[in-house]
Each structure stands twice: as C-alpha cells, then as structure tokens.
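These numbers come from a predicted model, not from an experiment. Counting starts at 1 for both ligands and their atoms, in listed order.
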Amino acid sequence: MIHGLVVTAPEALYRCGHLSERFVKGISPICLSELTNGQVSRLTRGMFGRKLIQLIRTESHDNAMLLKKPGKEFPQKYPAIKKIQENHHTMEIEIITVGGYDEVGRNMTAVRCGKEIVIFDMGLRLDQLMIHEDAEVDEMHSLDLIKIKAIPDDTVLQKVEGTVKAIVCSHGHLDHIGAIPKLAHRYNAPIIATPYATELIRQQIAGEKKFDAKNKLFALPAGQRYTLSSNLILEFVRTQHSIIDTVTPVLHTPHGAIVYACDFKFDRSPVIGQPPDFARFRQLGREGGLALIVESTYIHRPGRCPSERIARDLVRGVITSFEDDKNAIVVSTFSSHIARVKTIAECAHEIGRKPIFLGRSMEKYSVTAEQMKLVSFPETASVYGNRRTVDRMMRRMMKEGKEQFLPIVTGHQGEPGSILTRLAQGDTPYQLAKGDKVLFSANIIPNPMNIGNRYVIEQQLKMAGARIFDDLHVSGHAYREDHYEFLQMLQPRHIIPAHADMKMTAGYADFASELGYTLDNDVHLMRNGQRLKIT
Ligand SMILES: [Zn+2]
C-alpha cells in the first residue's frame with residue numbers, strides 16, 4: 001500500500017489530486033519548496049517510516065509536494081512561524097562558526113538571516129586557560145583571552161554585515177556561557193537563556209572586573225518562544241544534559257528551522273526534570289528543518305548514552321555498601337551536575353552521614369538551584385564556600401568523627417588548588433588515613449593535562465592510604481545511536497557538526513554520509529572563524 005506521494009514540480013499538484021483519488025485514497029497534498037530529491041526522500045522517510053512512498057518526477061525540480069492523509073492538521077505550525085515561512089524566501093542565511101569547531105570548549109556560533117544575526121553561546125575553553133572550577137579570569141582582557149584561545153575569536157563578526165538581535169545560551173556550562181562577561185558588551189542585544197542559565201550568567205557578569213556587560217537578561221523557559229523580529233522566532237525545546245535546565249534552541253527563519261543542538265543527551269529517565277521533548281523534535285522534522293548545528297563530541301561511542309538513573313545506581317551501590325565503615329567517604333563530582341550532587345547527598349543521608357558541600361563552585365551551583373526551587377537536597381546537607389569556612393568545617397569533621405559526614409568536593413580532574421588536590425597533598429585540616437574512601441563520580445575530561453593531573457592526585461591519594469572508586473559516572477552527551485535517532489526525527493537539509501575538534505566533526509560527517517548526506521553538499525565540516533551560506 002502506498003502511504004505517501006512526492007512530486008517534484010508545482011504543476012503536478014493538479015495531477016496528483018487525480019492520482020490520489022485513483023491510487024492513494026484519502027491523501028491530499030502539501031507543498032514543500034526548494035528541496036532536492038534526496039532531501040525530499042529523507043523527509044518522507046521520516047514521515048512515513050519505511051512505508052512505501054511513490055516519487056513522481058516531473059521536468060521542474062524547483063518544488064516538491066507531499067501528499068498527506070486528510071483530516072490531519074499537517075504541518076502543525078505555530079501560526080507566527082508559519083507566517084514568517086510564507087514570506088521572504090529570498091533571504092540569505094549564513095552560519096558563522098566562531099568557536100568550538102577546532103576544540104571542545106569556547107563555543108560560539110552566529111547565524112545571519114538577511115541583515116539580522118543571532119549568536120548562540122559564548123563559552124570558555126577551560127583546559128586552555130588551565131582554570132579549574134574555582135578559577136578567576138575576571139580581571140583578564142578579552143583580547144588576551146582570545147590570544148591564548150581561551151574564548152572565541154569573535155572579531156570575525158566585524159566583517160559580517162548585520163545587527164545582532166540576541167545572544168542565546170542553551171545551558172549554563174562554562175564552555176557555553178563563560179565568555180559572556182568578556183564579549184557580550186560589544187553587542188547591543190539581549191541575552192536569552194533558560195532560567196537557571198540566566199541566573200548563572202547574571203552571577204558571571206556580576207563577578208567580572210574588567211568589562212561591564214549591560215545586556216538585558218531574559219529567562220526563557222523550555223517549551224516557550226520569543227519573537228526576535230518579523231522574520232525570526234526563537235524557540236526553546238526541552239532536552240537533557242549534565243546540567244539542569246538545558247534546552248535545544250531552535251531559530252525559525254523564513255527558510256525553515258535552524259536547530260542548535262549543543263549540548264544534549266536523550267535521557268528517558270532523568271533524575272531531575274522531564275525527558276527531551278521528542279514529540280516537538282519530530283514535529284520540527286515534519287515541518288522541514290533547514291539546518292542542524294549539532295555537537296559531535298561522542299559520535300564515535302557506539303549505542304546510546306546511558307541514563308542518569310544508571311549513574312545514580314552506580315553511586316548508590318558504592319556509597320550504601322559502606323554502612324558499617326568508620327572511614328572517611330569523600331566524593332568528587334562536577335559541581336554543576338546538580339542531579340549527581342543530589343544523588344550523592346541523598347545516598348549520604350541514607351547511610352546516616354551529613355552531606356557537606358565544599359568549595360565556591362559547589363556553593364554557587366547548588367545554592368542557586370535550590371533557591372530557584374529546581375532541586376531540594378536532604379535537610380542535613382550544608383554548604384561551605386570560601387576557604388575559611390571550608391577549613392573550619394574540615395576541622396569540625398576531624399573533631400566529631402569522619403564517619404558522621406560525607407564531603408562532596410570538586411577537583412576530580414586534579415585541578416591545582418582544588419579541594420581534592422589539596423586534600424591529596426595533605427594540605428587541609430581534613431587528613432586522609434588508611435582505608436578512607438575516595439569516590440570519583442566523574443570521567444576524566446580527555447586532554448593530556450587533565451590525564452596527567454588526575455594521575456598525580458590518584459597516586460597521592462593512594463600514598464595517603466585511600467581506596468579509590470573510579471568511574472561512578474555516565475556522560476551527558478549523545479552517543480552515535482542517539483545521533484541517529486535525532487537525525488531520523490529532524491531530517492535537516494544541512495548539518496554542521498560542532499562542539500569538537502576536526503577528528504570528531506569528521507567522524508560525524510562520516511556518520512551522516514552513511515545516512516545519505518554528502519560532504520560539502522549538505523554536511524559541512526567547519527573550522528573556527530569560517531562562514532557558510534546555506535540559502
Ligand atoms: Zn554542556
């Protein structure tokens with residue numbers, strides 16, 4: 001049975017009406033313009049699954065029409081989005097890959113639609129600066145930071161003609177928001193981010209000593225839209241990642257949607273929040289997405305990224321196995337990973353130990369999330385941010401007995417000056433002894449410096465007699481089969497792999513080519529500072 005018909009010229013619409021009556025009962029046409037045959041076939045695969053589709057070729061390939069079953073509203077577009085897509089089909093759309101295309105970090109991408117520009121992310125590259133989560137960059141000048149490749153080189157945008165309408169951030173990680181205090185003041189545009197990311201950005205700007213970003217901050221919750229101009233609508237689609245309140249921003253243009261999927265994971269059973277809005281992604285695919293700018297960090301990892309619930313089981317399995325142990329249990333994790341911090345605190349509470357959050361970044365992310373009512377920690381939990389209170393609490397833990405407490409600290413990458421590094425070096429009032437447990441609920445971010453630092457700290461911990469429990473962690477990034485699923489949903493006309501070095505973006509391009517995309521035609525390998533016209 002034929003489930004759909006595709007025609008490749010507008011004049012075939014009339015003929016298709018007859019065809020549908022004769023062959024495909026109850027299917028009526030919808031026009032999709034400016035698609036190549038390959039793109040139409042990918043799109044129809046997404047719509048009809050693997051069911052039979054009839055392609056009717058005509059002399060003109062300018063337009064394609066798809067036939068739908070009657071009675072169903074298709075495509076179901078937000079009226080304003082439909083309106084902008086009905087207009088301005090001649091508008092030029094260009095992607096400017098500013099940062100995060102030669103490395104993991106300092107993400108920044110600009111999209112120019114005619115004379116209007118939207119910037120996605122302004123991030124730091126942490127390892128380049130050798131900064132840890134408690135680091136100070138607040139007194140450095142942006143040009144110096146650009147020179148050492150710690151922030152995106154946005155000078156490329158000086159040559160791009162147009163007005164920046166918005167700076168959009170998908171989530172609150174530093175490699176996405178960390179350069180805002182250094183760069184945002186150059187643009188007379190609001191910063192639009194999720195509520196949690198907005199609050200983190202506000203704190204970042206407040207802590208900046210060199211520049212004074214006066215951009216308006218606008219918190220846009222997941223599932224909502226923001227009209228940027230008569231041509232552009234921004235939409236935040238809910239997704240999951242290793243920080244709460246992450247979205248996939250979608251920019252609706254007259255040529256279709258541009259989806260900025262950096263970063264995401266398809267977690268169907270998250271510890272905090274709802275699973276990604278798959279229904280909306282599918283709908284965007286049916287509407288005909290123009291471009292997908294997508295992270296390619298873990299494209300080489302087979303299968304799907306495990307749910308955060310798996311990490312919770314791993315952490316819980318280890319922590320709750322120490323019930324009768326009088327030794328110390330110290331856990332190190334990402335301070336911004338609120339779901340993980342919550343899991344660790346709950347496990348501590350379960351075995352009768354008080355969860356103690358130590359360090360300024362632990363304080364920043366946890367307190368902000370709790371104040372915004374995005375998380376609730378056990379009431380026995382307490383936070384100590386600055387060095388003086390951290391040391392005082394450490395003395396108290398030593399005095400009252402290490403078995404009463406469970407310190408949660410940063411420093412899993414072996415960052416110099418971090419609490420875990422100081423602890424390993426015996427440089428804190430809290431002293432490790434034989435049989436004490438140190439748990440790493442984090443992976444090593446794979447760059448040589450982290451690997452080296454982590455090796456040193458592990459050796460020091462072992463020399464102090466500590467037992468090490470590693471890899472109590474799952475990733476916050478999509479794996480290969482997640483990416484496959486995403487492409488099946490979205491069926492974008494163009495793909496721009498991002499958020500990675502060339503090895504990873506090339507890996508994504510290779511993967512996309514297996515699915516019918518062609519390098520330089522509809523999948524594009526970009527470097528920092530390059531420009532690509534897609535319409
Ligand atoms: Zn991230």
Is the shortest side-chain N to carboxylate O distance from R301 to E481 below 4.0 Å? no
Within 45° of the six-membered ring axis of F278 and under 6.0 Å from that ring's centre, is NZ or CZ of R238 located there? no
Taking only protein atoms, how many N, O or S atoms are found under 2.8 Å from the Zn ion (ligand 1)? 4
Audit row: K210, H185, side chain to side chain contact (heavy atoms under 4.5 Å, CB included) steps and yes/no: CA-CA 11 Å; K210 190 89 192 164; H185 63 279; over 6 Å; no
So I180 and N215, side chain to side chain contact (heavy atoms under 4.5 Å, CB included) or not? Walk me through it. CA-CA 10 Å; I180 282 180; N215 310 59; over 6 Å; no
Between R360 and E363, does at least one N-O distance fall below 4.0 Å, as a salt bridge requires? no
Quick one: pull up CD1 in I496 and OG in S296 and give me the separation to the nearest 0.5 Å. 11.0 Å
